[in-house]
2 protein chains.
Amino acid sequence: MSRGKLPRPTDAELAILRVLWDRGARTVREVHETLRDGSGYTTVLKTMQIMTEKGLVTRDESQRAHVYSARLPRESTQQQLVTDLVDRVFGGSPARLALQALSTKKTSPEELAELRQLLDSLEKESES
Amino acid sequence: MSRGKLPRPTDAELAILRVLWDRGARTVREVHETLRDGSGYTTVLKTMQIMTEKGLVTRDESQRAHVYSARLPRESTQQQLVTDLVDRVFGGSPARLALQALSTKKTSPEELAELRQLLDSLEKESES
DNA sequence: CGGGAACTACGAAAGGCTTCGTTGACACCT
DNA sequence: AGGTGTCAACGAAGCCTTTCGTAGTTCCCG
């Protein structure tokens, strides 16, 4: 049931996952309060129940108010979504996605330095 | 009707857009033949009709077999999807997406060089 | 002209996502 | 014990996506 690859999270699911990633394990009420979008409590509850079925989250039922956790760390999901996008619209080239992403500007000098470092290590790697 | 921002294309719509971007304006039949997924002719037709309503494509009805074109160039849609993903899962930081994308490896030396060039110009820019 | 091929248009069904009302359980307070 | 508040579960509705069968149109060929 819980084995195998997880489905791509929908937008509503992603919003919930962001809360769980940012603040750790949380109850439905806490998640609902955190994401102050217009959605009602039972909407959030239902979505999180579905996410449990899909395996996107796990829950601890030992307390009356169930406590939910993201099943995968943020980075895994980011990786999944990036790979997905690369395949669907960038012809399988991560570099083209990176170029497109960076063209939107708004990148701090610190991040540029970090990118340069990654580039260095990638080039070194390809030489060997 | 056709003004305003376009909706995010669905997966099936993206597959069709890829054909139109790669090969230029095409009829339904040509698109259907090109993407050799299992879907039937009328499925592709219907999807393309919906895309027309949404404004994702335009069509020339002067011929009996209507000729469809992507309304936006590939780059605009890529930009839209990248921005979308950056906002939804990378906390608004294009650089973090770029880092994640490049960590998947499989990047050719040519592309690395291209990235380095972009990085250079971005750094120069931030100095001024 | 008649028939078949190549089209578009229409409508409906199935499945997924999102929403929420309602119900029932449980817990605490008085 | 009764009332109030908090919670999970259920089910249904509305909407979107994807799928395709069917029907109608147009064109061409013999």
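We name chains A, B, ... by the order of the sequence lines, and we start the count at 1 in each one.
- In this entry the distance linking CD of B:E53 with C1' of D:dT18 reads 14 Å, nearest Å.
- For B:R96, there are no salt bridge (charged side-chain N to carboxylate O under 4.0 Å, His left out) partners at least two apart in sequence or on another chain.
- Contact between the side-chain N/O atoms of A:K46 and the OP1/OP2 oxygens of D:dA13 is not found at any separation under 4.0 Å.
- Contacts between chain A and DNA chain C, taken as any atom within less than 4.0 angstrom of a protein heavy atom, begin and end at C:dC17 to C:dA27.
- Side chain to side chain, A:Q79 and B:T104 fail the donor-acceptor criterion of an N or O pair below 3.5 Å.
- Between B:D84 and B:R88 a salt bridge is recorded (basic side-chain N to carboxylate O distance below 4.0 Å).
- As rounded to whole Å, 12 Å separates atom P of D:dC10 from atom CD1 of A:I50.
- Between its opening and closing five pairs, the helix from C:dC1-D:dG30 to C:dT30-D:dA1 changes axis direction by 20°, a value rounded to 10 degrees.
- Judged purely by distance below 3.5 Å, without hydrogens or angles, the side chains of A:Q80 and A:T77 never pair a donor atom with an acceptor atom.
- In this structure, A:E61 places its CD atom 12 Å from C1' of D:dA9, rounding to the nearest Å.
- With sequence neighbours left out, A:Q49 forms a side-chain hydrogen bond (donor to acceptor under 3.5 Å, both in side chains) with no residue at all.
- With A:R29 contributing its side chain and A:Y41 its backbone, the two residues share no donor-acceptor pair below 3.5 Å.
- At a threshold of 4.0 angstrom between heavy atoms, the contacts of B:Q49 include nucleobase atoms, whether or not backbone atoms are also involved.
- Applying the side-chain hydrogen bond (donor to acceptor under 3.5 Å, both in side chains) rule to A:Q117 yields no partners; only residues at least two apart in sequence or on another chain are considered.
- Rounded to an integer number of Å, the gap from A:Y68 OH to D:dC7 P is 12 Å.
- In terms of position on DNA chain C, the residue among B:R29 and A:Y41 whose nearest nucleotide sits closer to the 5' end is B:R29.
- Residues passing the salt bridge (charged side-chain N to carboxylate O under 4.0 Å, His left out) test with A:D60, sequence neighbours excluded: none.
- Looking only at distances, no side-chain donor or acceptor of A:R71 sits under 3.5 Å from a matching main-chain atom of A:T58.
- DNA chain D is contacted by no residue of residues 7-25 of chain A, taking any non-hydrogen atom closer than 4.0 Å.
- The side-chain hydrogen bond (donor to acceptor under 3.5 Å, both in side chains) search around B:T10 returns B:E13, not counting sequence neighbours.
- Atom CG of B:L45 and atom P of D:dT18 are 15 Å apart (whole Å).
- A:L35 pairs by the side-chain contact (heavy atoms from CB on, under 4.5 Å) definition with A:A15, A:I16, A:V19, A:V31, A:D37, A:S39, A:V44, not counting sequence neighbours.
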Just the atom pairs and distances: protein N or O near nucleotides 23-30 of chain D's N or O, under 3.5 Å.
unit_1, atom_1, unit_2, atom_2, d
D:dT26, O2, B:R64, NH2, 3.3

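- For B:E75, the side-chain hydrogen bond (donor to acceptor under 3.5 Å, both in side chains) test picks out no residue, with sequence neighbours left out.
- A salt bridge between B:R116 and B:E114 is absent, with no side-chain N of the basic residue lying under 4.0 Å from a carboxylate O of the acidic one.
- As a whole-Å value, the separation of B:M48 CE from D:dT17 P is 17 Å.
- Residue B:L112 belongs to a hydrophobic cluster whose other members are A:L99, A:L102, A:L112, A:L115, A:L118, A:L119, A:L122, B:L99, B:L102, B:L115, B:L118, B:L119, B:L122, with links defined by side-chain heavy atoms closer than 4.5 Å.
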